[in-house]
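Below is one structure; the comments refer to it alone.
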Amino acid sequence: MEMVPSEENQLVPKEGMFWSCRQSIFDEMKKRFSQIENAAEEPRVLCIVQDTTNAKTVNERLTLNLPASTTLSKLFEDVAHKASYVNGTFDLAWGKTGDMGSLDPSSEMSLTESGFEPGKRNFLQLTDKDGEQPQIASDESGTAGSSGLDDSSQERFIGPLPRDGTVGCSSDYSSPSYSYSSILNKSDTGYVGLVNQAMTCYLNSLLQTLFMTPEFRNALYNWEFEESEEDPVTSIPYQLQRLFLLLQTSKKRAIETTDVTRSFGWDSSEAWQQHDVQELCRVMFDALEQKWKQTEQQQFSPLTADLINQLYQGKLKDYVRCLECGYESWRIDTYLDIPLVIRPFGASQAYSSVEEALQAFVQPETLDGANQYFCERCKKKCDARKGLRFLHFPYLLTLQLKRFDFDYTTMHRIKLNDRMSFPEELDMGPFIDVEDEKSPQTESCTDSGAENEGSCHSDQMSNDFSADDGVDEGICLDSASSTERVLKPKSSLTFELFSVMVHSGSAAGGHYYACIKSFSDGQWYSFNDQHVSKITQEDIRKTYGGSSGSRGYYSSAFASSTNAYMLIYRLKDPSRNAKYLDCDDFPEHIKHLVQREKESEEQEKRQREIERNTCKIKLFCMHPVKTMALMENKLEVHKDKTLREATEMAYKLMELDGVVPLDCCRLVKYDEFHEYLERSYEGEDDTPMGLLLGGVKSSYMFDLLLETRRPEQIFQPYKPGEVMVKVHVVDLKTDTIAPPVSIRAYLNQSITEFKQLIAQATELSAETMRVVLERCYNDLRLLYVPNKTLKAEGFFRSNKVFVESSESPDHQVTFTDSLLWKLLDRHGNTIRLFVSLPVQSPGTNRTICPKVGGDTEECSEGSKGNRNSVEAILEESTEKLKNLSLQQQQGSSTSDSQKSSDTSDFEHIESPSPSQEPDSSVSAVVAVDNRELENRIRAASGGSGGGTYSDPETQFPGEERSDSEVNNDRSTSSVDSDILSSSHSSDTLCNADSGPIQLANGLDSHSITSSRRSKANEGKKETWDTAEEDSGTDSEYDENGKSKAESYYLYFRAEPYAQEDGSGEGGQKCVLVHVDKRITLSAFKQNLEPFVGVTSTQFKVFRVYANNQEFESVRLNETLSSFSDDNKVTIRLGRALKKGEYRVKVYQLLVNDAEPCKFLVDTVFAKGMTVKQSKEELMPQLKDQCKLDLNIDKFRLRKKTWKNPGTVFLDYHVYEEDINISSNWEVFLEVLDGPEKMKSMSQLAVLTRRWTPAQMKLEPFQEVVLESSSVEELKEKLSEISGIPLENLEFAKGRGTFPCDISVLEIHQDLDWNPKVSTLNVWPLYICDDGAVVFYRDSTEEPMEQSEDERNELMKKESSRLLKTGHRVSYSPRKEKALKIYLDGGPVKDPGQD
């Protein structure tokens, strides 16, 4: 730019140049604004990308709002820029699940062409490419100018949140120099992670440590597996060998450990068991050693056979030295790891370092006083010194930091998080005992006999957490064959740290990971399950544990829970330090194994690639032979397969071969939810499915339907934009609705054009046609505006219409008053129920023969043609019902509209005035309803001298009591509601029966139907049942559940039904009922009376759910609106509940019996009934069924809460006023020795029991009635009945459920005797209600002295007694599942364990 001097002698731009620059900036800005404006007008695509490549980013989302014209390649660039990844090192796939397909990063297709939907959220997943993590884009800050800083900050802002590793690794020790950008992915570190099966992090940490141990890995490679000798699945060394090879050669980010755990004999449940890594180390080493000893290979080297001992086993001396004569007794123990105490027992400060803990480990203790040692030389007890001396250190030294301890204050297991430092190089020279190097070796013992505190025996060496619990944990290690090792001089006992196994969490559970140093490059890595990353020395130091500052004894409680748990050191010895074997140096058998694993991995990769390019979509088909229902399957087709090939695959999948020719099938786009055929694919047989379906997606917004046709038919083309309409033709003359006819129309068509279209399909007249649209459940809309479009009328993808075309006068009636509307309303509200009737209906003992006139005469028993009286009367009455209805229809004068419905199920039958009696003459009666039918049965039974219907409240002797009554359903209207269901077949529902069908109980099938009308005729007999318009409140209904306001009459039709599954055999009767679901339960039961054979008050209705669980429906005023098509209903004989009644179970309370709770009877209590009235009703029932002849003043009722007796009910108490009552209620009946002592609710009834220590027994229960809650009154009463002086009397509240049993061996010390309270209703007693159990004793009475044998005998008796009552003798904590590795492939299950 040319510069000129200004007046102030400063250089400024030349004027022309200035305006030129300004103009160019304006042009550039204008261009940018134009681009923005154009982009604003273009549809946008919202992409939400989930980064699944890292545990920290899996819950984060990258959001991009791009123009719809953006290409896929540009999408990849934008994602790479926003995620800070190198483009080309990651994949993008559809969806949120693993069933996804990848996008093409080089495609120039636009987002919309690739299946993205503008205006909607499009979910993508960012995944690894070829199993490798994406590369992090390097930071290119440029110069130190402000622009560079702005770009950098902008990158950090729009990218994902900083990802600093995973739990227990980087996130727990982050430093300013340690960020996610420094974490190298798998390809850079060269290491592979291990997948955590569920809770196998402890296993992963140990396996990675063994893999990174050169000596162990190389020895394992040198071992050759012989398949002829062992199953490879159960061979632990072979599966470890395979795992190590995959860790070294695989290109995957992480590999599974399931093959290894399967060789352990573990099932999937073991993956959910948390174990200790040190415990696993011991058990796995034992298992490997045993496996190798069983191998009979000539070439098997002795080093490998004894590998564990050669690498990990050390020796120490356990000694006791007499301080008087100097005599020392000792023995040699072996160890595989050294347990180091974090904090000494009883101390408030922890050891600060591993060296200090080691020094304390070998520090001897003095045995003096009561702990003196018996010296064999002095022949007396002397002061002695006891301790441990290291004789030999292993090549690989394992130190266990004992961070798990037991807190005797809280009686809980705790974790010590105190700081304990450990060096990178550890000199063990000061801890070796040179004097004992030449000591004669006696025996290598695996079980030390030392009992004194502070002694270290091999149990402590091998498993610090093992307990004497009767469980053999792991495999016993036999080290008797160990070879002698030449000890190194002190100068060579320097060990270098290479593995730190870290635990993050508490004693209850946590997470393990390993920090391991590679011997190849000296770099430390974090192996945290599937994630491997570089770490620094600073990160290692942060595993020391502890916190800043000292908090004394509680310092561990405030420290970080992430700290080192196991340390592994390797001896620095160039002559023995090995290097990792390279692939070129592998033995031949390992090279063959590597080749097999590579081939397997390549095959898996190819299969995964095929999966990523496979379209998986729902496929439906209406099979013409198998079933008329829509069959569903899943079509999996490669995206490059053509439509023709996909059709052939669907043809075979739906098993249409031999049923329909292939050329008679085609795939069409289908919407299952709306049952809508969206479009067909004419002329696209060779188009790839990936293009037709919009790419490979995890899920599709549509489905496919395999459509079939007959050979003479032609497929109808389905074009996008069309709507599907199911047309039902209505015939008012026969009251039928025909099955649907499907037609396709356009939303912009008028109603007139739509009628013409329907006329062509149905051959009806368009001029007289009425079209009714059902928009949603029972929302009927008459389409009468000729020029209105279908879209304006509310048509959508799939629609249902009803059409009627006739010259009927019904056209002139208002639609809501027309016969068409009534028929459609009935059709929309009718459901189909399967009703199971009782096996046997109750009848009279005498038989009667029907006469033609309706009268009955008594017949002799055994006469020909005799039948059960109830069935005979029902059958005869049914015939009369038909005849009387026919006569009335022929003789009455009705209007045209009434004539048109004479043959329908809607029959207008007149009702009598209230003054008329039920026994009016036949000519005045239109039909016989269920009540009149009942009266006829009663009259017939009464005339014959006996009957079962004289009292509607009478209980049947053989009344059924369902177990499901305990689940009495009082709110069925809120359960399993399906108000949108109307899928029953209309012709099945509406067509008249062709002839009478004999029912199981002797009835002919008939329809009990009714007409819905706005006004009820007065002065005439009405035979049909009523239901409320709305459920309303209880006050709107009478005691029978009928509406007190205006009623309308609802549809009911029943026909016999034979169950397909055969469950109706053996006398079980079933009826298929079509009923308007607006009918009340009361009316529904009345309609069922002729089929059950008894009145509605004498049977109960149970609703059956999918799991065959039954619930009783008891609310008579509620409708059947909660029922849906094909629901099952079971009818059981028995007294049905009325309004305000509750079913109650009565149990007898026997306080001094082994079984204090005994079921007696089921009964019914009513609201407003007094307790005395309920007792009066109970007495005859108890006498008949339980043989209990009780005096009303000699028993009481009281509250029952599970097994516990509660409040005593007084005779004057009223249910629902003084006593809350509910469904499924339970009460105790208690027989009294004398008159009732409880007179007022202010009194308190306590059950007391005396404990006599001198006799070691408990006396029977005695009830004490208190006037107040005073402890002093309780003691006075107890003193009065027992004779114990008041000052010596002690009491305690019983624990648990009644009868609060406790062992006589524990009662003396386990109960809280003589609590320091003055009232019973405060802590720790809380005795506020009747029925509490109180034990009492004489404090001066000493327990019986017993010998050991007597005590053992008493313990057995008490255990047997308490076992029968279901009470435990004492608390026994659940044992943790021991960690075991099974050498034979799995545990042997005890056949009797089930």
Side-chain angles (χ1 to χ4, degrees), residues 622 666 668-683 702 705 707 709 712-734 736-825 827-828 982 986-987:
M622 185 70 75
R666 70 169 179 178
V668 296
K669 193 174 180 180
Y670 177 65
D671 181 354
E672 178 199 7
F673 182 78
H674 296 99
E675 299 181 3
Y676 170 57
L677 297 171
E678 293 193 24
R679 61 158 298 186
S680 54
Y681 300 103
E682 283 80 14
F702 56 89
L705 174 73
E707 196 177 20
R709 62 174 175 86
E712 66 274 9
Q713 290 180 323
I714 299 176
F715 279 127
Q716 177 185 355
Y718 306 142
K719 298 178 182 179
E722 294 178 334
V723 293
M724 189 172 179
V725 184
K726 292 182 178 180
V727 180
H728 295 263
V729 177
V730 180
D731 189 342
L732 293 180
K733 293 182 179 179
T734 59
T736 58
I737 300 177
V741 176
S742 295
I743 64 172
R744 296 177 71 85
Y746 289 97
L747 291 176
N748 57 359
Q749 282 183 325
S750 65
I751 298 300
T752 302
E753 295 170 336
F754 182 54
K755 287 183 178 181
Q756 295 293 338
L757 191 63
I758 295 175
Q760 295 175 9
T762 60
E763 298 181 356
L764 296 176
S765 171
E767 286 74 17
T768 59
M769 183 180 295
R770 285 184 292 176
V771 180
V772 179
L773 170 67
E774 185 179 82
R775 293 189 295 185
C776 58
Y777 163 70
N778 210 29
D779 179 13
L780 303 176
R781 181 187 181 91
L782 180 65
L783 308 182
Y784 59 90
V785 182
N787 297 326
K788 205 170 183 179
T789 63
L790 300 186
K791 184 176 181 179
E793 290 285 7
F795 277 69
F796 190 55
R797 289 185 169 190
S798 183
N799 311 272
K800 181 196 288 188
V801 299
F802 300 91
V803 297
E804 188 274 333
S805 181
S806 66
E807 301 293 339
S808 170
D810 197 51
H811 282 251
Q812 282 73 42
V813 183
T814 306
F815 175 60
T816 53
D817 295 330
S818 64
L819 295 177
L820 175 62
W821 184 85
K822 293 176 182 177
L823 179 59
L824 296 180
D825 179 70
H827 174 267
S982 58
S986 57
D987 53 349

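Not measured: the values here are computed from a predicted model.
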Strictly by salt bridge (Lys or Arg N to Asp or Glu O under 4.0 Å), give each pair with a member in residues 712-727 just once, sequence neighbours left out.
Glu675-Lys726, Arg710-Glu712, Glu722-Arg744

With Ser805, which residues qualify under side chain to side chain donor-acceptor pair (under 3.5 Å), at least two apart?
Thr768

Might you point out which heavy atoms bring Met724 and Ser742 nearest each other, and give the distance in Å?
CE-OG, 3.6 Å

Identify, with sequence neighbours excluded, every residue that meets side-chain contact (heavy atoms from CB on, under 4.5 Å) alongside Glu678.
Lys669, Asp671, Tyr676, Phe702, Arg797

Taken in chain and number order and not counting sequence neighbours, the residues that satisfy side chain to side chain donor-acceptor pair (under 3.5 Å) with Asn799 are none

What pairs of residues pass the side-chain hydrogen bond (donor to acceptor under 3.5 Å, both in side chains) test when at least one of them lies in residues 758-767, not counting sequence neighbours?
Ser765-Glu767

From Asp810 CG over to Lys822 NZ, what is the distance, rounded to the nearest 0.5 angstrom?
8.5 Å

Taking the side chain as everything from C-beta on, heavy atoms only, tell me whether Val741 gets closer than 4.5 Å to Ile758.
no

Can you tell me how far the OG1 atom of Thr816 sits from the CG atom of Leu780, to the nearest 0.5 Å?
11.0 Å

Got a sec, which residues hit ring-ring contact (aromatic ring centres under 6.0 Å, His included) with Phe802, two or more places apart in sequence or on another chain?
His728, His827

Rounded to the nearest 0.5 angstrom, the NZ-CE distance for Lys755 and Met769 is 7.5 Å

Residues two or more places apart in sequence or in another chain: which of them pass side-chain contact (heavy atoms from CB on, under 4.5 Å) with Glu682?
Arg666, Ser680, Pro717

Using the test side-chain contact (heavy atoms from CB on, under 4.5 Å), find all partners of Arg709 that sit at least two apart in sequence or belong to another chain.
Cys664, Gln713, Phe715

Using the test ring-ring contact (aromatic ring centres under 6.0 Å, His included), find all partners of Tyr718 that sit at least two apart in sequence or belong to another chain.
none

Please list, chain by chain and in numerical order, all residues satisfying ring-ring contact (aromatic ring centres under 6.0 Å, His included) with His674, sequence neighbours excluded.
Phe796

Got a second to check how far Gln716's CD is from Ile743's CD1, nearest 0.5 Å?
9.5 Å

Nearest 0.5 Å please: distance from the CG atom of Leu773 over to the NZ atom of Lys800.
10.5 Å

Is there a donor-acceptor contact under 3.5 Å from the side chain of Ser818 to the main chain of Trp821?
yes

Test side chain to side chain donor-acceptor pair (under 3.5 Å) applied to Ser806 - qualifying residues, sequence neighbours left out
Glu804

CZ (Arg770) and CG (Leu820) are apart, to the nearest 0.5 Å, by 4.5 Å

Pairs of donor and acceptor atoms involving the side chains of residues 782-790, under 3.5 Å and at least two apart or interchain, shall be tabulated with distances.
from, atom 1, to, atom 2, distance (Å)
Thr789, OG1, Ala792, N, 3.2

Answer yes or no: does atom CD of Gln812 have more than 12 heavy-atom neighbours from other residues, nucleotides or ligands under 6.0 Å?
yes

